[in-house]
Peer 1: 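Sharing a structure, written as structure tokens. Questions coming.
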Amino acid sequence: MSYSHVIWDFNGTILDDVEAVINSENIVLKRHNLPYIQDIKQYQSVFTFF
């Protein structure tokens, strides 16, 4: 089976992906010994979408 399309929904339009994004970001932050994002409110204060 092969696929010809990729659907990327980074801002939650189709799927509420905030928890997955925070978890992914925390993996990167851990690798660099930086503080984790603790909750959605903190995430929203750091990342903005226009």
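For clarity, every value in this text was computed on a predicted model and none was experimentally measured. For this chain, numbers begin at 1 and follow the sequence in order.
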Peer 1: Are the side chain of Asp39 and the backbone N or O of Gln42 linked by a donor-acceptor pair below 3.5 Å?
Peer 2: yes
Peer 1: Please determine whether the number of non-hydrogen atoms from other residues, nucleotides or ligands lying under 6.0 Å from atom CD1 of Ile40 exceeds 12.
Peer 2: no
Peer 1: Answer yes or no: is there a side-chain heavy-atom contact under 4.5 Å between Ile27 and Asn23?
Peer 2: no
Peer 1: Under a 4.5 Å cut-off applied to non-hydrogen side-chain atoms, are Tyr43 and Gln38 in contact?
Peer 2: no
Peer 1: Looking at CG of Asn26 and OH of Tyr36, how far apart are the two atoms once the value is rounded to the nearest 0.5 Å?
Peer 2: 6.5 Å
Peer 1: Check for me, please, whether Val18 and Val46 land in the same ILVMFWY cluster - side-chain distances under 4.5 Å, paths through other members count.
Peer 2: yes
Peer 1: Give the minimum heavy-atom separation between Glu25 and Ile37, together with the two atoms involved.
Peer 2: CG-CD1, 3.6 Å
